[in-house]
Asks: 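Shown below is the structure under consideration.
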Amino acid sequence: MANVPQISSSILLTLCFTLFTTPALSDYLNPLQDFCVADLQATPSNTGYPCKSQVTSEDFFYSGLGTPLNTSNPKGVAANRANLMTFPGLNTMGISMYNVAVAAGVANPPHSHPGVTEAGIVVEGSVLIGFLTNNYTLYSKVAGPGDMFVIPPGLIHYEMNVGKTEARLLTVVASEWPSEVLVPHTLFLAKPAIPDFVLEKIFKTDGKTINMLRTKLTN
């Protein structure tokens with residue numbers, strides 16, 4: 001079980017400033033209330049959880065992101081999540097944060113966050129990050145420590161550790177609700193094509209199976 005590396009204050013400030021100063025987030029907050037800490041013990045309605053009646057300073061702090069991460073699991077990926085369900089103080093704030101570790105040679109399954117943006121910074125390692133537009137155009141690049149990336153709202157994306165040591169990322173999603181949707185099959189439609197070695201890691205299979213899947217899904 002590895003220790004969580006120290007994340008510099010400049011990295012955190014850059015990441016949070018980028019998202020909090022966007023017009024979408026500034027319009028999200030209700031100007032008639034400063035905050036609404038979710039009461040997770042109450043029954044949620046169609047608009048979410050009601051506000052807690054008694055709020056303390058503790059409601060605005062969360063230490064769960066710093067919990068040591070262990071990638072010794074079948075997926076090879078581990079994450080600490082700060083969203084509405086783990087940190088009720090984020091309710092109505094339009095933001096959540098994730099501390100993610102990816103074992104060497106492992107790919108985080110392709111997914112999207114419907115309607116919302118994701119931004120992040122690579123803290124350690126070399127990570128191939130890619131996303132597909134709505135017409136399946138692929139944009140990708142290997143990012144290293146200190147490199148920031150952004151995934152446009154709702155687009156399918158993935159991350160693969162292409163280094164020889166564990167990689168770590170700090171990401172922010174512009175929604176306080178858990179919003180990850182897995183969408184693996186669309187990767188076969190990418191233009192240019194996603195390299196087979198990446199698809200093999202994502203689907204945990206061999207080249208022959210990848211070719212078979214590509215043939216079935218693109219013809």
Asks: Under 3.5 Å, is there a donor-acceptor pair between the Thr71 and Glu166 side chains?
Replies: yes
Asks: Would Ile210 and Thr205 satisfy side-chain contact (heavy atoms from CB on, under 4.5 Å), going step by step from the backbone distance to the final call?
Replies: CA-CA 7 Å; Ile210 291 299; Thr205 188; 3.7 Å; yes
Asks: Just how far is it from atom NE2 of His111 to atom CD1 of Ile156, taken to the nearest 0.5 Å?
Replies: 10.5 Å
Asks: Out of curiosity, Asp196 CG to Thr209 OG1, how far, rounded to the nearest 0.5 Å?
Replies: 11.0 Å
Asks: Taking all non-hydrogen atoms of both residues, which atom of Phe60 and which atom of Val55 are closest, and how far apart?
Replies: CE1-CG1, 3.5 Å
Asks: Taking it one step at a time, do Asp39 and Tyr49 satisfy side-chain contact (heavy atoms from CB on, under 4.5 Å)?
Replies: CA-CA 6 Å; Asp39 182 358; Tyr49 286 92; 5.7 Å; no
Asks: Atom CD1 of Ile129 and atom CG of Leu169: how far apart are they, to the nearest 0.5 Å?
Replies: 5.5 Å
Asks: Tell me if the NZ atom of Lys201 is crowded by more than 12 foreign heavy atoms within 6.0 Å.
Replies: no
Asks: Aromatic rings Tyr62 and Phe87: how do their planes relate, parallel, tilted or perpendicular, breaks at 30° and 60°?
Replies: parallel
Asks: For Phe131 and Val150, work out which heavy atoms get closest and say how close.
Replies: CE2-O, 4.1 Å
Asks: Is the backbone of Gly94 close enough, under 3.5 Å, to the side chain of Ser175 for a donor and an acceptor to pair up by distance?
Replies: no
Asks: How close do Leu132 and Ala190 get, heavy atom to heavy atom, and via which atoms?
Replies: CD2-CB, 3.8 Å
Asks: Give a yes or no answer on whether the side chain of Asn80 reaches the backbone of Asn99 with a donor-acceptor pair at less than 3.5 Å.
Replies: no
Asks: Is the number of heavy atoms from other residues, nucleotides or ligands under 6.0 Å of Asn73 CG greater than 12?
Replies: yes
Asks: Do Leu128 and Glu159 come within less than 4.5 Å of each other through their side chains, counting heavy atoms only?
Replies: no
Asks: Hey, does the side chain of Asn161 reach the backbone of Val127 with a donor-acceptor pair shorter than 3.5 angstrom?
Replies: no
Asks: Heavy atoms only: give me the nearest Gly130-Ser140 pair and the separation to one decimal.
Replies: CA-CB, 3.7 Å
Asks: Apply side-chain contact (heavy atoms from CB on, under 4.5 Å) to residues Tyr98 and Asn83 and explain how you reach the verdict.
Replies: CA-CA 8 Å; Tyr98 302 82; Asn83 54 40; 3.8 Å; yes
Asks: For the OH atom of Tyr136 and the CG atom of Leu155, what is their distance to the nearest 0.5 Å?
Replies: 11.5 Å
Asks: Under 3.5 Å, is there a donor-acceptor pair between the side chain of Asn211 and the main chain of Lys208?
Replies: no
Asks: Could you go through Glu118 and His157, starting from their C-alpha distance and side-chain angles, then the distance that decides it, and tell me whether this counts as side-chain hydrogen bond (donor to acceptor under 3.5 Å, both in side chains)?
Replies: CA-CA 10 Å; Glu118 176 180 338; His157 56 284; 2.8 Å; yes
Asks: If you draw a 6.0 Å radius around NZ in Lys204, do more than 12 non-hydrogen atoms from other residues or ligands fall strictly inside?
Replies: yes
Asks: Restricting to non-hydrogen atoms, name the atom on Gly154 and the atom on Ser112 that form the minimum distance, rounded to 0.1 Å.
Replies: O-CB, 3.6 Å
Asks: Please check: side-chain N/O of Asn91 versus main-chain N/O of Cys36, any donor-acceptor pairing under 3.5 Å?
Replies: yes
Asks: Can you name the closest pair of heavy atoms from Tyr158 and Pro110 and give their distance?
Replies: CB-CA, 4.1 Å
Asks: Starting at CG of Leu84, measure out to CG of Leu90 and round the result to the nearest 0.5 Å.
Replies: 7.5 Å
Asks: Check the pair Tyr139 / Phe149 against ring pair (Phe, Tyr, Trp, His ring centres under 6.0 Å), numbers first and verdict last.
Replies: CA-CA 11 Å; Tyr139 293 89; Phe149 62 91; over 10 Å; no
Asks: Rounded to the nearest 0.5 Å, what separation is found between the NZ atom of Lys191 and the CG atom of Asn135?
Replies: 5.5 Å
